[in-house]
Amino acid sequence: MPKKRSGGGLTTTQQAAKFLGVAALSGVVLAGIALPAAGALGLATKGTVEGFDEIPANLRTPPLSQRTTILDSKGGTIASVYSRDRTVVELKDISPYMQKAIVAIEDARFYEHGAIDLKGILRALNRNVQEGGTAQGASTLTQQYVKNVFVEEAGDDPDKVAQATQQTMGRKIQELKYAIQVEEKLGKKRILTNYLNITFFGQQAYGVEAASQRYFSKRAKDLTLEESALLAGIVQSPSRYDPVNDTAEATKRRNTVLQRMADVGDISQAEADRAKSNPIKLKVKKPQNGCITAVSGAGFFCDYVRHVFLSDPVFGKTKEDRAGIWNRGGLTIRTTLDPQSQQSVQSSIKSHVYKTDKVATAVTLVQPGTGKIMGMGQSKPYGFGANETQYNYSVNKSMGGSNYGFPTGSTFKPFLASAAIEGGKPATQVYPAPYEMDYPETVRSCGNPWVNDGVPKYHLENESETEKGPYSLKEAMEKSVNTYFVQMLQDIGMCPVSQMTDKLGVVQGDGTKLPQNPSTLTLGSNGLSPLTMASAYAAFANRGTYCTPIAIESVRTAAGDSLPVPKTSCSQAMSQTTADTINTLLRGVVDSGTGQEAGLQSRDNAGKTGTTDARKNAWFVGYTPNMSGAVWVGSPSQKVEMEHITIGGVYQDKVYGGQVPGPIWRDAMTGALNGVVAPAFNTVNIPDPPKHDDEDEDPGRNGPGGQKPGKKPGDKSPFPGISVPPDMIGGNTGGRGGQTNGGTQGP
């Protein structure tokens, strides 16, 4: 093998002189004789020197795009994502066979010439003249490397890629000048290393390490002679010589490389012949890219992380800046996802809701006090096939979720109660709470009062005719009495409730503020996401301090540098006494109210059920002092009424928040908190309300579901037989692909 030269030989000035000399001699300034020779010979060189001098002195070499690895909080891999599948390696980690094969087939005189191979240009020119076309090129490896840099800088922009590869005189002059500079600055070994890391080998593999893994499932340093020759042959035309799809063509090309290696003395003829006789043996590893590859059902969380990165200014001032960093990749992103919690979420979902069911469920767990998202999953898997989706039902639209979120029903009532208590109402507050009533004539708001101008008047009722007051707050919360909370709203007005939900980060699924009307601010008629609900309830667990949700703990670049990451922002949304009071009230819901089926064993827990109009949505949102979770069950299209329906193989006459979402929450939380300390709530003393006549008549009311025998826990729509206009419920709400105008209420 010819002796290697370390720096390309001639100085930049000498290289330029040679370049200009051969241009004048041949009348062509082409890196690879890419234009037909007959036409090229007629090109004039006037203005070439001027154009050469005006080209910027230094080649911009953007960092090579690589795969990004997303980790859970314990360091386990969730998924790998990339714009281009590439792992950069040093020359010592590339098989010597591979190094020799690529040089032999692409630029056999690589170690003898500088940036431009004058002999190669003249030889190619002569042959092209003889054959009247472009039978042979003369691009050096250095020139090819420069062209690949242009392509890499273009990214995924098709117009920029076209510009980077266009066969024009100006582009070739630029390419040649930069090749001269690269030879002077880098030297042969670094050029070869960079080339092998940047070039495309087909099958989504960029760089030799990714290619080696893709075709042979091994490291590039372990490639054999035959394998190296195969990969080196692919470079000229990755589609034509693709061994996965055309073994015969790939074999011919591999053998051409082997023969070339023998011709230049890299291997003996006997070695070449033996290698040629062996069939191609692939061990193909399918591309593993994107959130669809995430483990433990964490595809939706993975996608949420991507949305956070692309939207948060901490990662770049502009959308383009953030996208550039993400697409370049090479990042190691450690997230907040707790593998134990995630596994528990997935296990609970699979036990209770099948992906083939008419309805879906979404579950999100959040850590109070930190905002960390600990688990996130849903019954429709992340994907493109039947019963799969890319919509994340747990989050808002801007982060990949449904268009509007999902109506929350009575799980909204604790927000109203917290506003009332914060404003001075006692936990023993009593209202008449009849079985049915018209909405108040007017309700105060932050602006103009809401007016009950319906014809007939907007009306609501409780689930059962036996549910009639007077009631105190504790009993009304446990039974989820609609009329009680509407009367509470009339008493305090809507503005305190809006102010409270603002402090708790409660926005609609489309990111807009909740409208001020009684149905929205009492009975949860507008769409919210499970992440929003879990984060808001976490403030109750955290004694009134709300923390914004976060998903990313750290980001490290390929160079080992740390990037800044979004931090949670915590603020006191209510007094500790108010939060402690809500904890006491909601603990009663799981102890003796509508949420008994959700109750946890051996640790303090609290929560609230919710069922919406026509039973299109059912919720349970609950928490312990160290974990908050929200569970939604319903149709993403909002078209399925959950009556006489089978969910998870179990027939349900009517679905209620405590009956289906409750057990999902219970099982997800139980596994997530297994082995975790069980702190107690700070509670307050709320005297028991006086007994009602119906309770005296029915001592069994605290049976399953906290209701009378034969009566399922839950509230039906407060608008029976009445078509509720959008302005009454604050606009259309619903999930992806569907909307509903119904009021929403119930446990």
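Numbers for residues simply follow the sequence, beginning at 1. What you see is a predicted model; the values in this text were computed from it and never measured.
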d(Y178 OH, K147 NZ) to nearest 0.5 Å is 16.0 Å
S529 versus T532, side-chain donor and acceptor atoms under 3.5 Å: yes
query: Within the distance-only criterion (no hydrogens, no angle test), does the side chain of S65 pair as donor or acceptor with the backbone N or O of R328 below 3.5 angstrom?
result: no
* Without hydrogens or angle criteria, can the side chains of D242 and N245 be said to hold a donor-acceptor pair below 3.5 Å? -> yes
**Message:** Can you confirm whether more than 12 heavy atoms, excluding those of Y97, are under 6.0 Å from its OH atom?
**Reply:** no
Query raised in the report: Do Q143 and T140 have side-chain N/O donor and acceptor atoms under 3.5 Å apart?
Result: yes
**Prompt:** Does a side chain donor of either T256 or Q259 reach within less than 3.5 Å of an acceptor in the other side chain?
**Reply:** no
Here the pair of heavy atoms bringing V81 nearest to G290 is CG1-CA, 3.6 Å
For M98 and V208 the tightest heavy-atom approach is CG-CG2, 3.8 Å
>> Let's go through M669 and L365 carefully: what are the C-alpha distance in whole Å and the side-chain angles of both, what is the deciding distance for side-chain contact (heavy atoms from CB on, under 4.5 Å) to 0.1 Å, and is it a yes or a no?
In response: CA-CA 8 Å; M669 293 284 283; L365 304 183; 3.8 Å; yes
Please check this pair: side chain of D93 against backbone of V89, looking for a donor-acceptor N/O pair closer than 3.5 Å. no
Heavy atoms of A104 and D266 approach each other most closely as CB-OD2, 3.8 Å
Minimum side-chain heavy-atom gap V363-W665 below 4.5 Å | no
- Task: Indicate the ring-plane relationship of Y382 and F300, choosing parallel, tilted or perpendicular according to the 30° and 60° boundaries.
- Result: perpendicular
For P566 and V308, the nearest pair of non-hydrogen atoms, with its separation, is CG-CG1, 4.2 Å
Do N289 and Y82 get their side chains close enough for a donor-acceptor pair, meaning under 3.5 Å?
no
Q) Would a distance-only check, ignoring hydrogens and angles, find a side-chain to backbone donor-acceptor pair under 3.5 Å from S228 to T224? A) yes
In terms of heavy-atom contacts, C547 and T568 come closest through CB-OG1, 3.4 Å
Report yes if some heavy atom in the side chain of R190 is under 4.5 Å from a heavy atom in the side chain of E90; otherwise report no. yes
Output for pair (F315 CZ, L310 CG), nearest 0.5 Å, gives 9.5 Å
Has the side chain of Q390 got a donor or acceptor atom that lies under 3.5 Å from a matching backbone atom of F384? no
In short, A250 meets Y241 closest at the heavy-atom pair CB-O, 3.5 Å
Rounded to the nearest 0.5 Å, the CD atom of Q213 sits from the NZ atom of K218 at a distance of 10.5 Å
- Item | Check: Q340 main-chain N/O paired with Q343 side-chain donor or acceptor under 3.5 Å | no
| Does the side-chain hydrogen bond (donor to acceptor under 3.5 Å, both in side chains) test come out yes or no for T364 and S394, once each step is laid out? | CA-CA 7 Å; T364 298; S394 285; 2.9 Å; yes
Indicate whether any N or O donor in one side chain lies under 3.5 Å from an N or O acceptor in the other, for S379 and T361. no
_Verdict with supporting geometry, D510 and K397, salt bridge (charged side-chain N to carboxylate O under 4.0 Å, His left out)_ = CA-CA 5 Å; D510 62 1; K397 177 182 178 181; over 6 Å; no
Between the CD1 atom in I102 and the CG atom in D107, the distance rounded to the nearest 0.5 Å is 10.5 Å
**OP:** Any chance you could lay out the salt bridge (charged side-chain N to carboxylate O under 4.0 Å, His left out) test for D222 and R219, step after step, and finish with the verdict?
**Re:** CA-CA 6 Å; D222 299 322; R219 298 286 304 275; over 6 Å; no
Just by distance, with hydrogens left out, do T142 and E183 show a side-chain donor and acceptor under 3.5 Å apart? yes
Check: With side chains defined as the heavy atoms from C-beta onward, is the minimum distance between K355 and P381 less than 4.5 Å?
Finding: yes
Passes salt bridge (charged side-chain N to carboxylate O under 4.0 Å, His left out), E152 versus R86? Steps please. CA-CA 12 Å; E152 184 72 20; R86 177 189 283 117; 3.2 Å; yes
Review point. Just wondering, do I280 and L230 contact through their side chains at under 4.5 Å, heavy atoms?
Key: yes
* Apply salt bridge (charged side-chain N to carboxylate O under 4.0 Å, His left out) to the pair K276 and E226, showing each step before the final yes or no. => CA-CA 8 Å; K276 289 179 190 179; E226 296 101 303; over 6 Å; no
- Does R322 CZ have over 12 foreign heavy atoms under 6.0 Å away? yes
Value for CD (E227) from CG (N278), rounded to nearest 0.5 Å, stands at 10.5 Å
Q) Counting distance only, does the side-chain N/O of S217 pair as donor-acceptor with the main-chain N or O of K283 below 3.5 Å? A) yes
key: Q203 (side chain) donor-acceptor with A211 (main chain) under 3.5 angstrom   = no
TODO: Report yes or no: do D667 and T670 form a side-chain donor-acceptor pair below 3.5 Å?
DONE: no
Rounded to the nearest 0.5 Å, the CZ atom of R84 sits from the CD1 atom of I198 at a distance of 8.5 Å
### Query
Does the side chain of M376 come within less than 4.5 Å of N392's, by heavy atoms?
yes
Check: Does S628 use its side chain to pair, donor to acceptor, with the backbone of V366 at less than 3.5 Å?
Finding: no
